[in-house]
Amino acid sequence: MAQSGKPITSPVPEAWYPTLAFFMLTIGLLLTAAFFIYEATSAKKNKSITKELITGAVTSIFLGFGSLFLLLATGVYV
């Protein structure tokens, strides 16, 4: 006999998608602005590749998940 499986559901409630999208995209854009200001105002000898990589990675994560939740909030299920 075939076992009836449980339907796959999101670990995050669907009502949270717009809020998560807004806050994650806002944080990502603020980090992008901070990164740009750091790059534009720091002298070449004072720049830190570690700080640049960490800021870029964290920004990428926030913008990526923010975009994902924005798509989910608008009904584009990826």
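Quantities reported herein were computed from a predicted structural model and do not represent experimental measurements. Position 1 is the first residue of the sequence, and the numbers go up from there.
By the 6.0 Å contact criterion, CZ on Phe65 is open, its count of non-hydrogen atoms from other residues, nucleotides or ligands being 12 or less.
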Table please: side-chain donor-acceptor pairs of residues 26-33 below 3.5 Å, with sequence neighbours left out.
from  : atom 1 : to    : atom 2 : distance (Å)
Thr26 : OG1    : Phe22 : O      : 2.6
Thr32 : OG1    : Gly28 : O      : 2.8

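Under the rule for a side-chain hydrogen bond (donor to acceptor under 3.5 Å, both in side chains), the partners of Lys47 that lie at least two apart in sequence or sit in another chain are Glu39. By the ring-ring contact (aromatic ring centres under 6.0 Å, His included) test, Phe69 pairs with Tyr17, sequence neighbours left out.
Pro18 and Ala73 get closest at one heavy-atom pair: N-CB, 3.9 Å.
Hydrophobic clustering of Ile, Leu, Val, Met, Phe, Trp and Tyr side chains at less than 4.5 Å, counting indirect connections, unites Val78 with Ile61. No single ILVMFWY cluster, assembled from side-chain heavy atoms under 4.5 Å apart, contains both Leu68 and Leu63. Under a hydrophobic clustering in which Ile, Leu, Val, Met, Phe, Trp and Tyr are joined whenever their side-chain heavy atoms come within less than 4.5 Å, directly or via other members, Leu71 and Val12 fall into the same cluster.
Residue pairs meeting the salt bridge (charged side-chain N to carboxylate O under 4.0 Å, His left out) criterion with at least one partner in residues 6-22, sequence neighbours excluded, are absent. Among pairs with a residue in residues 51-77, none fulfils side chain to side chain donor-acceptor pair (under 3.5 Å), at least two apart in sequence or across chains.
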Residue pair Val76, Leu72: steps toward the side chain to side chain contact (heavy atoms under 4.5 Å, CB included) verdict
CA-CA 5 Å; Val76 180; Leu72 292 174; over 6 Å; no
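Annotation for Tyr38: hydrophobic cluster partners, listed by chain and number, are none (ILVMFWY side-chain heavy atoms under 4.5 Å, direct or chained).
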